[in-house]
Trainee: 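My structure is below; once you've seen it, I'll send some questions.
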Amino acid sequence: LEQRVEDKIQIAIAKGEFDNLEGTGRPLSRLQRGAENPFLDRNEGLGYDLLQKHGYLPEWIDQQKEIRKAHEDAVRVLAAAWLDCDENPSPRWLAQRDAFKEAIASLNKRVQRYNLICPAASQM
C-alpha cells in the first residue's frame with residue numbers, strides 16, 4: 001500500500017501537479033527566526049541563530065538541501081520516463097532506470113559523508 005501511494009505521488013510530481021502550491025518558495029512559519037527549529041540541536045541554537053541572522057548556513061544544511069534536490073530530480077526524471085513509455089517498459093525506460101540506480105548509488109555515498117558532519121538528529 002505504501003509503495004502504491006508513493007508511486008502516485010511521484011507520478012503527480014512528474015505531471016507537475018505540485019508545482020503551483022500556495023506558499024511555494026517561502027519559508028515555513030515554524031522555521032522563522034525566533035521559532036524553535038526541530039532540526040537543530042537546542043544547545044547550538046544561539047550559534048545557528050547568529051549564522052542565520054547574517055545569512056549563513058552550516059555546511060551540513062546546504063549539503064542536505066543539495067542531496068534532497070538531487071534525489072527529487074532523479075525521481076522526477078525517472079517518473080517522466082515511465083509516463084513517456086505509457087507505463088510499459090521500453091529500452092528508454094530501462095536505460096533511465098539504470099541511470100537512476102547509478103544516481104542513487106552516488107547519492108548514498110553523499111549521504112554517508114553528510115551523516116558524518118551533521119547533528120545526530122538530522123542524519124538521513
Side-chain angles (χ1 to χ4, degrees):
L1 176 67
E2 187 175 316
Q3 185 60 44
R4 280 188 264 154
V5 170
E6 182 64 26
D7 290 344
K8 288 183 184 242
I9 290 171
Q10 295 306 324
I11 290 170
I13 289 171
K15 290 180 178 178
E17 294 177 10
F18 294 114
D19 289 348
N20 296 315
L21 296 177
E22 181 181 342
T24 299
R26 288 183 276 152
L28 298 173
S29 60
R30 66 181 168 82
L31 298 181
Q32 293 293 328
R33 198 172 316 156
E36 174 123 357
N37 189 332
F39 302 108
L40 298 178
D41 186 350
R42 289 181 183 179
N43 297 329
E44 298 172 346
L46 179 61
Y48 289 126
D49 284 345
L50 285 171
L51 287 171
Q52 183 181 15
K53 179 180 177 181
H54 296 286
Y56 294 99
L57 289 174
E59 179 185 356
W60 64 268
I61 292 177
D62 279 335
Q63 284 188 17
Q64 183 185 66
K65 287 180 180 181
E66 291 170 5
I67 290 169
R68 290 187 190 282
K69 173 102 173 68
H71 178 262
E72 189 177 292
D73 291 345
V75 169
R76 183 175 287 123
V77 168
L78 184 66
W82 181 247
L83 292 174
D84 287 346
C85 71
D86 294 324
E87 300 180 7
N88 289 315
S90 66
R92 180 179 179 273
W93 155 252
L94 295 173
Q96 192 60 50
R97 182 195 63 187
D98 293 340
F100 178 79
K101 287 180 181 179
E102 290 175 17
I104 293 301
S106 173
L107 277 175
N108 283 337
K109 290 178 185 175
R110 288 177 66 184
V111 167
Q112 288 174 342
R113 288 190 301 269
Y114 162 85
N115 285 338
L116 293 174
I117 65 169
C118 73
S122 297
Q123 291 185 351
M124 299 177 136

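The shown structure was predicted, so the numbers you read here are calculated from the model rather than taken from an experiment. The chain is numbered in sequence order, starting from 1.
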Trainee: Would a single hydrophobic cluster contain both Leu94 and Val75, if residues Ile, Leu, Val, Met, Phe, Trp and Tyr are joined by side-chain heavy-atom contacts under 4.5 Å?
Mentor: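 Same cluster.
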Trainee: Starting from the C-alpha separation in whole Å, work towards a yes-or-no answer on side chain to side chain donor-acceptor pair (under 3.5 Å) for Gln3 and Asp7.
Mentor: CA-CA 6 Å; Gln3 185 60 44; Asp7 290 344; 2.8 Å; yes
Trainee: Within a reach of under 6.0 Å around CG of Asp98, are more than 12 heavy atoms found that belong to other residues, nucleotides or ligands?
Mentor: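 Yes - once you tally the heavy atoms of other residues, nucleotides and ligands closer than 6.0 Å, there are more than 12.
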Trainee: Calculate, to the nearest 0.5 Å, the distance between atoms CH2 and CG belonging to Trp82 and Asn88 respectively.
Mentor: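 Here the rounded value is 6.5 Å.
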Trainee: Any chance you could measure Asn115, atom CG, to Gln64, atom CD, to the nearest 0.5 Å?
Mentor: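 These two atoms lie 10.0 Å from each other.
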Trainee: Would you say Tyr114 and Ile61 are hydrophobically clustered, going by side-chain heavy atoms of ILVMFWY under 4.5 Å?
Mentor: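 Tyr114 clusters together with Ile61.
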Trainee: Return the minimal non-hydrogen interatomic distance between Phe18 and Ala12, and the atom names on each side.
Mentor: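 Minimum heavy-atom separation between Phe18 and Ala12: CE1-CB, 3.6 Å.
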Trainee: How close do Ala74 and Ala103 get, heavy atom to heavy atom, and via which atoms?
Mentor: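 In this case the closest contact between Ala74 and Ala103 is CB-CB, 4.4 Å.
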Trainee: Looking at Leu78 and Arg97, what are the two nearest heavy atoms and their distance?
Mentor: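 Scanning both residues completely, I find the closest heavy atoms to be CD1-CA, 3.8 Å.
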Trainee: Find out if a path of hydrophobic residues (ILVMFWY) with successive side-chain heavy-atom gaps under 4.5 Å connects Ile67 to Val77.
Mentor: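 No, no single cluster joins them.
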Trainee: Hey, does Gln112 have a side-chain heavy atom less than 4.5 Å from the side chain of Asn108?
Mentor: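 No, side chains not in contact.
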Trainee: At their closest point, which heavy atom of Gln96 faces which heavy atom of Ala81, and how far apart are they?
Mentor: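 That would be CG-CB, 3.7 Å.
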Trainee: Is it the case that one hydrophobic cluster holds both Ile13 and Leu83, taking links as side-chain heavy atoms less than 4.5 Å apart, direct or via other members?
Mentor: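 In one cluster with Ile13: Leu83, no.
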Trainee: Does a side-chain heavy-atom distance below 4.5 Å link Lys101 with Ile104?
Mentor: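 No, their side chains stay 4.5 Å or more apart.
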Trainee: Say you draw a straight line from CD1 of Ile9 to CZ of Arg4; how long is it, rounded to the nearest 0.5 Å?
Mentor: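 Output value for this atom pair is 13.5 Å.
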Trainee: Could you walk me through whether Arg76 and Glu72 satisfy the salt bridge (charged side-chain N to carboxylate O under 4.0 Å, His left out) test, starting with their C-alpha distance in whole Å, then the side-chain angles of each, then the deciding distance to 0.1 Å, before giving a yes or no?
Mentor: CA-CA 6 Å; Arg76 183 175 287 123; Glu72 189 177 292; 3.5 Å; yes
